[in-house]
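Naming: A, B, ... by sequence-line order, numbering from 1 per chain.
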2 protein chains.
Amino acid sequence: MQKQQYLTKNQQIVLDLVEKSSEPLKAYTILFNVQKKGIKAPLQVYRALDKLVEIGKIHKIESRNAFIACHNSSCQVAKATAFSICEICEKVTEISSAGLSKYLANFKDKDGMKYSKYNLEFFGLCKKCR
Amino acid sequence: MQKQQYLTKNQQIVLDLVEKSSEPLKAYTILFNVQKKGIKAPLQVYRALDKLVEIGKIHKIESRNAFIACHNSSCQVAKATAFSICEICEKVTEISSAGLSKYLANFKDKDGMKYSKYNLEFFGLCKKCR
DNA sequence: TTTCTAATGTTATATTATTACATAATGTTA
DNA sequence: TAACATTATGTAATAATATAACATTAGAAA
């Protein structure tokens, strides 16, 4: 097999669910919701999630152990992600700011090291919760 | 009780261990290493960690579920953290860049929202692993 | 067709984190 | 000091998150 061209059945089932959701979903919430589609075990979910993250279709919100669909058409690979997270209602929004991504992509540390990947999570209160 | 002034026994034991470590430690690794000091249960470790994170003495590396001592004297509160993580050797370094922290502290999203807190994790290869 | 690789299915288990409840220690207020 | 409030502790049980191991299947390439 060369590079996988289409999503597999399990990957598509998981992606459909995550895309329909307005909030980040946890792995076991996903599992519960796809059991009627024939996915029975955690590992089947985690494997689909791993692949979907790898190809940039979804992102993991690390501080929440939850997964959200990518809403940034330019994320073909999961390598530069930024989110805002409301500390009250837990609403999560993907930030797409050209300025921010440019700044971070070019950021060099003291040793002049540049990075191939980053994940940024901002916390605060969303409009509604303020 | 007012604001706690000194660390408690368990907090100090956990902090000592994390500060001595050259790499991020996982909660159960900490537990294993402090059992000789009388800490017996996971919860005792997690409670100490929670407090230490809250007061900024340590930080959690979210993508690794591990804890590292703060090496940035200005981190009195855990509200603005940035790390570089080597994807091969897993070395983690806290980044302290005035430029970066200023940029992120002032970052506003499309709605003009500013954030009270952020966590940024950069990934790449460290000097040794390149 | 044979081979290679990726995906699947399944069971079991490892790892990470919290709930619940009882007790002790310390600070606050009357 | 007594009564109280708050924070920390100890302990057992369990919940939530994630992976290992192994057998099988499916599709693409040689």
Worksheet item: Within this structure, what is the CG-to-P distance between Asn10(A) and dA6(C), rounded to whole angstrom?
Response: 17 Å
Practice prompt. Using atom CD of Gln35(B) as one end and atom C1' of dG10(D) as the other, report the distance to the nearest whole Å.
Written response: 14 Å
Worksheet entry | Min side-chain heavy-atom separation Val53(B)-His59(B) under 4.5 Å | no
Response to the item:
With B for base contact, S for sugar-phosphate-only contact and - for none (protein heavy atoms under 4.0 Å), nucleotides 15-20 of chain C reads -BBBBB
Discussion item. How many whole angstroms separate atom CD1 of Ile13(A) from atom C1' of dG9(C)?
Written reply: 13 Å
Worksheet entry | Side-chain N or O of Thr8(A) closer than 4.0 Å to phosphate OP1/OP2 of dA6(C) | no
Discussion item. A side-chain contact here means heavy atoms from C-beta on lying under 4.5 Å apart; do Ser63(A) and Phe83(A) qualify?
Written reply: no
Worksheet item: For the pair made of CG in Leu25(A) and C1' in dT17(D), what is the distance, rounded to whole Å?
Response: 15 Å
Discussion item. Would you say that Ser96(B) contacts Lys110(A) through its side chain, given a criterion of any heavy-atom pair below 4.5 Å between the two side chains?
Written reply: yes
Discussion item. Please report the distance, rounded to the nearest Å, between CD in Glu62(A) and C1' in dA18(D).
Written reply: 13 Å
Practice prompt. Strictly below 4.0 Å, heavy-atom distances to any atom of DNA chain C: list the hits from residues 82-90 of chain A, or just say none.
Written response: none
Worksheet item: Between Phe67(B) and Leu25(B), is any pair of side-chain heavy atoms under 4.5 Å apart?
Response: no
Practice prompt. Would you indicate, yes or no, if dT8(C) has its OP1 or OP2 atom less than 4.0 angstrom from a side-chain nitrogen or oxygen of Gln44(A)?
Written response: no
Discussion item. Does the structure show a Watson-Crick or G-U wobble partner for dT29(C), both distances under 3.5 Å? Name it, or say none.
Written reply: dA2(D)
Worksheet item: Salt bridge between Arg64(B) and Glu121(B), side-chain N to carboxylate O under 4.0 Å?
Response: no
Worksheet, complete the sentence: In terms of heavy-atom contacts, Val18(B) and Ile68(B) come closest through CG1-C, 3.7 Å
Worksheet item: What is the distance, rounded to the nearest whole Å, between atom NZ of Lys40(B) and atom P of dA12(D)?
Response: 8 Å
Worksheet item: What is the distance, rounded to the nearest whole Å, between atom NZ of Lys51(A) and atom C1' of dT8(C)?
Response: 14 Å
Worksheet item: So do the side chains of Val45(A) and Tyr28(A) get within less than 4.5 Å of each other, counting heavy atoms only?
Response: no
Worksheet item: Would you say Lys9(B) reaches dT9(D)'s phosphate, i.e. side-chain N/O to OP1/OP2 under 4.0 Å?
Response: no
Item to complete: Starting from C1' on dT9(D), measure out to CG on Leu49(B) and report it in whole angstrom.
Response: 15 Å
Item to complete: Mind checking the CG-CG spacing from Leu15(B) to Leu7(B)? Nearest 0.5 Å is all I need.
Response: 6.0 Å
Item to complete: Taking the side chain as every heavy atom from C-beta outward, state whether Phe122(B) and Leu104(A) have any pair of such atoms under 4.5 Å apart.
Response: yes
